[in-house]
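We count ligands from 1, going down the list as the structure has it; atoms in each ligand are counted the same way.
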Amino acid sequence: MVSSKTETANSDHPTFELTHPTLLDCPSCGTFVSAKDLDMVKGLGQCSQCAHTFDISQEIKKDPLRRPEIIMPQGIEMLKLRRSLELVVDWYHATPKRGIIGLISGSFFWNLLLIPMIIWMALSGHFLMLLFFSGHVVTGALLLLYLTAKLFNKTRITVGSEGIRIEHHPIKTPWNRSQFIGKDSIQQLFVSRYRERLQPKSKKTLEAYALSAVLSNNKAIELVRGLNKETQLYLEQEIERYLGIQDEVVPTEIDRTR
Ligand SMILES: [Zn+2]
């Protein structure tokens, strides 16, 4: 494993900063190229096996550990200030449309069937039956809460010298709580995949992504749940860049080779 990476665009001589571990193979014969065969000033590498000379910047792009640069997805506003980085994510734009449609139909049918029944039970005095259905009422309310949050919520992430502050407005949900993580305890950010259920007890699930942080005690905590992959990867990229954290592979993160 050779260290290397990140072109700094300046004069005729590209220079390479060593920011993360990189794997480089000779583009001609495929032999592993070690650090001593890389000329970082000229940006050229020479294979010790076949003497082929190649452009390091081109080969670095093939590094399986390197994530390609993520361009800003729809629904994100970014404000870089001198003392802080502010990212505002719109949940509606950062949720896959299939998820929104699933939630709308799920909460619509659930509540459509439920509300007339509840009214009838209350009016006709079937209170025991009403109690029996209270679980369904809670589920219906949660579905509506989830849907409303998906349509109207925004997440504001403020990254400063103190750390990362995450706030969700205007709807508070039990699955995305506001929090603050001190800068010193953040080791690494990563994005992982999980399945999100659209309707209670249903087998229909949707792929969802979580942005998490590895803390100095080696425990991982979730920062933001339920946004799409591009959004989460973009947040990871920008926050790590701002805090000067070198991106590293985390075992539970999503595959880097695809
Ligand atoms: Zn070679």
Output a table of donor-acceptor pairs, distance under 3.5 Å, between side-chain atoms of residues 179-192 and any protein atom two or more places apart or on a different chain; print 'none' if there are none.
residue	atom	partner	partner atom	Å
Gln179	NE2	Glu222	O	2.9
Gln179	NE2	Leu223	O	3.3
Ser185	OG	Gly182	O	2.9
Gln188	OE1	Glu248	N	2.9
Gln188	NE2	Gln246	O	2.8

**Message:** Can you tell me which residue among Thr155, Asn153, Thr173 is in a side chain to side chain donor-acceptor pair (under 3.5 Å) with His168?
**Reply:** Thr155
**Request:** Determine, for Tyr92 and Lys97, whether the Lys NZ or Arg CZ falls below 6.0 Å from the six-membered ring centre while staying within 45 degrees of the axis.
**Result:** yes
**Request:** List in chain and number order the residues that pass ring pair (Phe, Tyr, Trp, His ring centres under 6.0 Å) with His93, two or more places apart in sequence or in another chain; answer none if no residue qualifies.
**Result:** none
**Cluster companions of Leu113 among Ile, Leu, Val, Met, Phe, Trp, Tyr (side-chain spacing under 4.5 Å)** = none
**Prompt:** Can you say whether the rings of Trp120 and His126 are parallel (under 30°), tilted (30 to 60°) or perpendicular (over 60°)?
**Reply:** parallel
**Prompt:** Closer than 2.8 Å to the Zn ion (ligand 1), which protein N, O or S atoms?
**Reply:** Cys26 SG, Cys29 SG, Cys47 SG, Cys50 SG
